Amino acid sequence: MTESIQEEDMTARASDDEGKNRKNGLYREVSPELAENMKQGWADTERRDLEPLPQTAHTARRRAEVSARFPGELLVIPAGIPKVRANDTNYPFRPSSDYVYLTGDQSQDAVLVLEPGDGGGHQAVAYLRPRSDRENGEFWLDYHGELWDGRRNSLTENEQFLGLPCRDVRTLPERLGEATGPIRLLRGYDAGVEAALNDKVTAERDTEFRVALSEMRLVKDEFEISELRFACEATARGFEDVVRILGTDTPTLERAIEGTFFMRARIDGNDVGYASVCAAGEHATTLHWVRNDGEARPGDLLLLDAGVETRTLYTADVTRTLPVDGRFTPLQRKVYDAVYAAQEAGIAAVKPGAAYRDFHDAAQRVLAEHLVAWGLLGDRSVDEVVELGLYRRWTLAGTGHMIGLDVHDCAKARTEMYVDGTLHPGMMLTVEPGMYFQPDDLTVPEELRGIGVRIEDDILVTEDGNENLSAHLPRTADEVEAWMARLRG
Ligand code: GLY
Ligand code: MN
Ligand code: MN
């Protein structure tokens, strides 16, 4: 929650605030003449024709679902507050995904409250920062006044934009202070709200609430599917941008690859949905290689795992493993083809009614078959290797996860609803098998050491099977080579 600044004398405050705000020059006194001058001469910019967000019908339906699940309880869902990077600079703000899911809004410091009604149901209210006051000077004297942070929607504009009543977030402490009935809070985003509700909520009930919100997001609605489709399309454009800068006879910095993809994410979307893995050569054997401080050399493979996050905050999560100079060596192709076969088996197992674990098991078995056939597991049978999990030395990770607003979406869902659950139409998940031979692994032939391959696609469960939303990007080794040659002209 924001501190109460409404009644303060901002003129007096300016000179006290030295350490916090040197940049705007307020270490100097504000004369009464200047304070008076700054109050006047501003046009009325209220927008009376603001179009509602396109997803308002969906956010209203989602709030109704939450309401039905927790009748008679006050429900509090904060967007969160910015995280401090140092002193008065923050990391870029991203609101909590559950807040976005239920409002479509992306404001910082905001809180959605579902107030239980006397006759059942809930009234949703968004508590938001209003426009900055011009009379008391906060718009220019407060470091988070609109003159510094940019114009915000007025509360009236936001009512139109979000399709729900909006109030000043500075009135929320009073509302929470007087609340008496059962309350549930989404924890982890706003320490001020948590402190205000400290003795009115319990960890156990709040965990139930968080789990319920996570599980609601398991099946995507048509708005979400269309956003995820766009995220995949934009991600494919980002991969093409990267191929165009890969040197065929000179190294390319992993940093340049990261920056190139990021530019596409900012232009077509909001951001990257997670730190891009730009892993060339032996870096590809490190699953979360995000240091990206090496270089991609001709002859090496580049494992690029990256996703564009849309402006509505849905992210793709796609991996391709590319020969930097455009042609796989026979050995690279052998490993690539094995991973491709595993991914094909995994994708084929994605269908409504299937156990969630089926696609993982199908893909991992194919990986194990190849590892056994290559003689890496002595004379053990595939069944034995699978039973004992011995193949996992080189496959390491699970084969996929839900995606959506978060790259690892719905992570708080109960096991029986997720990994021990069943696939339903509208679920969206990645299928991403890989093989990773560490550079210091003495149990594999030297030629394999330092090779890492992953192929990752975003798969929508449909009524009769699945659809690969990231299929714009080639997957077979031949297709990858032809695509790279085409892009490089
Ligand atoms: N890029 C994160 C993941 O593949 O899960
Ligand atoms: Mn990924
Ligand atoms: Mn993934």
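Starting from 1, each residue takes its place in the sequence as its number. On a predicted model such as this, the values are computed, not experimentally measured, just so you know. Read the numbers this way: they start at 1 and go in the same order the structure lists the ligands and their atoms.
Between H401 and L429 the shortest side-chain heavy-atom distance does not fall below 4.5 Å.
Taking the charged nitrogens against the carboxylate oxygens, K412 and D98 have no contact shorter than 4.0 Å, which rules out a salt bridge. Salt-bridge formation is detected for the pair R205/E73: a Lys NZ or Arg NE/NH1/NH2 atom is positioned less than 4.0 Å from an Asp or Glu carboxylate oxygen.
Shown in contact with Y274 at under 4.0 Å from a heavy atom are these atoms of ligand 1, numbered in order with element: 1 (N). Annotation for ligand 1: atoms under 4.0 Å from non-hydrogen atoms of H401 are 3 (C), 4 (O), 5 (O). Against a heavy-atom cut-off of under 4.0 Å, E456 is close to the following atoms of ligand 1: 4 (O).
The nearest N/O/S atom of H401 to the Mn ion (ligand 3) is NE2. For E456, the N/O/S atom at the shortest distance from the Mn ion (ligand 3) is named OE2.
Classified by interplanar angle (parallel below 30°, tilted 30° to 60°, perpendicular above 60°), the ring pair F223/H58 is tilted. Aromatic ring pairs are classed by plane angle as parallel below 30°, tilted from 30° to 60° and perpendicular above 60°; the pair F209 and F70 is perpendicular.
The cationic atom of R63 (NZ for Lys, CZ for Arg) does not lie both less than 6.0 Å from the six-membered ring centre of Y99 and within 45° of the ring axis. Seen from the ring of Y101, R62 counts as a face-on cation partner, given the 6.0 Å and 45° thresholds.
Scanning the protein for heavy atoms near atom 5 (O) of ligand 1, the closest one is H408 NE2, 2.7 Å. The nearest heavy-atom contact from the protein to atom 3 (C) of ligand 1 is D317 OD2, 3.3 Å.
With a cut-off of 2.8 Å, the Mn ion (ligand 2) has an N, O or S atom of D317 in range. Distances from the Mn ion (ligand 3) show that E432 has an N/O/S atom below 2.8 Å.
Judged by the shortest distance from any of its heavy atoms, H288 lies outside the 4.0 Å radius around the atoms of ligand 1.
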